[in-house]
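What follows is a short report on a single structure.
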Number of protein chains: 2
Amino acid sequence: MFSKACEYGIRASTYIALQSLEGRRVSLKEIAEEIDSPVAFTAKILQLLSKNNIVDSVKGAHGGFEINKEKIDKLKLSQIVDAIDGDKIYAGCGLGLKECNADKPCPVHDKFVEIRNDLKQMLENTSLFEMTAGLEVGLTYLKR
Amino acid sequence: MFSKACEYGIRASTYIALQSLEGRRVSLKEIAEEIDSPVAFTAKILQLLSKNNIVDSVKGAHGGFEINKEKIDKLKLSQIVDAIDGDKIYAGCGLGLKECNADKPCPVHDKFVEIRNDLKQMLENTSLFEMTAGLEVGLTYLKR
DNA sequence: CATAAATCGGACAAAACTATCCGATTAAAA
DNA sequence: TTTTAATCGGATAGTTTTGTCCGATTTATG
């Protein structure tokens with residue numbers, strides 16, 4: 001569904017959000033440990049998320065990553081996916097046709113539109129805050 | 001969503017089904033032309049589909065690929081996807097966790113289960129015959 | 001039987017994705 | 001001011017996916 005990079009990106013953002021809610025800035029090393037991802041690769045993804053204004057990075061000693069508390073509720077999964085994987089999940093034909101639309105559809109166009117709209121809606125409606133909700137009380141997990 | 005191989009596989013199977021309904025056996029070359037796919041790569045995919053008893057291949061002069069007319073209505077997209085991409089679209093966590101289930105879910109587990117069930121249902125309920133329906137009358141397309 | 005038209009199957013090549021390494025830069029703290 | 005703890009960014013390596021090439025095999029036909 002998503003690329004590995006995107007999976008790590010969502011998990012990392014969620015962990016950063018969780019800690020930022022507590023006022024804690026977190027280091028790359030801690031993030032990678034807590035979401036069980038390769039450190040250096042995660043660094044690359046965080047750079048990308050930082051450039052896309054999804055997370056804030058602070059260089060130097062005591063630096064790390066954080067997300068502005070007010071933004072946590074506004075940031076949606078769709079923005080993270082867009083930044084890393086682009087729009088190829090929503091856009092683009094399910095059977096790989098370059099040009100596929102209601103006018104010249106592939107045989108499963110309508111059925112795909114429906115499913116991908118559901119996915120799109122879900123990603124656009126799910127905030128990072130919502131992602132953190134179950135984590136604190138041990139209802140959901142970011143590794144294993 | 002699907003791999004390129006799977007996209008080509010679905011398009012190729014659909015074209016073979018369409019022609020088999022008319023009693024025509026089709027060559028690799030014709031298939032690749034009609035679905036706009038790389039010839040040699042398509043050959044590999046057709047070998048795989050042949051081994052999985054989704055298409056029948058006939059070697060030698062006047063050979064090619066065909067699908068038994070009775071099977072066209074019974075063959076579902078899910079079988080093609082299974083043969084090429086396996087079950088990774090249904091199974092596996094949306095955020096890439098190795099172990100993610102109702103007991104120890106990732107933060108989007110429930111939402112993903114729903115969307116992927118819809119996808120699964122759709123693939124299991126769509127037959128190759130249904131795929132060919134719009135093609136004959138120019139309502140749907142396999143290339144462009 | 002010889003030839004031509006096909007698929008089969010193994011080796012190889014290119015591109016994309018995943019992942020690592022390391023020096024440069026930044027900033028806090030001693 | 002020096003040291004130390006961080007991210008940044010470019011180069012590189014490994015793996016998977018995508019794609020090509022070509023000889024071997026099979027079969028219809030002349």
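Everything numeric here is computed off the predicted structure, so don't read it as measured data. Letters A, B, ... mirror the listed sequences (proteins, then strands); counts begin at 1.
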Starting from [atom2] on [N], measure out to [atom1] on [X] and report it in whole angstrom.
X: B/Phe2; N: D/dT17; atom1: CZ; atom2: C1'; value: 17 Å
X: B/Lys29; N: C/dC8; atom1: NZ; atom2: P; value: 18 Å
X: B/Met1; N: D/dT17; atom1: CE; atom2: P; value: 18 Å
X: B/Phe41; N: C/dA15; atom1: CZ; atom2: P; value: 15 Å
X: A/Ile31; N: D/dA6; atom1: CD1; atom2: P; value: 12 Å
X: B/Lys4; N: C/dA16; atom1: NZ; atom2: C1'; value: 13 Å
X: B/Asp36; N: D/dG19; atom1: CG; atom2: C1'; value: 14 Å

Could you check whether A/Lys4 pairs with A/Glu7 (Lys NZ or Arg NE/NH1/NH2 to Asp/Glu carboxylate O, under 4.0 Å)?
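The answer is yes: the pair qualifies as a salt bridge.
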
Below 4.0 angstrom, which residues in residues 44-61 of chain B have at least one non-hydrogen atom near DNA chain D?
B/Lys44, B/Lys59, B/Gly60, B/Ala61

Specify the closest pair of heavy atoms between [X] and [Y], including all atoms of both residues, with the distance to one decimal.
X: A/Ile35; Y: A/Tyr15; answer: CG2-CB, 3.9 Å
X: A/Arg25; Y: A/Gly64; answer: CD-N, 3.7 Å
X: A/Leu49; Y: A/Ser13; answer: CD1-OG, 3.4 Å

Quick check for you: among C/dA19, D/dT18, C/dA28, whose closest atom lies nearest to any side-chain atom of A/His62?
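That would be C/dA28.
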
Nucleotide of C/dT18, D/dC21, C/dT7 approaching B/Ser27 most closely (side-chain heavy atoms):
C/dT7

Quick one: does B/Thr14's side chain get under 4.5 Å of A/Leu95's, heavy atoms only?
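Side-chain contact under 4.5 Å: no.
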
Hey, are the side chains of A/Glu34 and A/Val26 touching, using non-hydrogen atoms and a 4.5 Å cut-off?
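No. Closest side-chain heavy atoms not under 4.5 Å.
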
Between A/Cys6 and B/Leu28, which has a closest nucleotide on DNA chain C that is more 5'?
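Nearest nucleotide further toward 5': that of B/Leu28.
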
Does a nitrogen or oxygen in the side chain of A/Tyr8 sit under 4.0 Å from OP1 or OP2 of C/dA19?
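A/Tyr8 to C/dA19 OP1/OP2: side-chain N or O found under 4.0 Å.
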
Determine, using the 4.5 Å side-chain heavy-atom cutoff (strictly less than), whether A/Leu97 and A/Tyr90 are members of one ILVMFWY cluster.
no

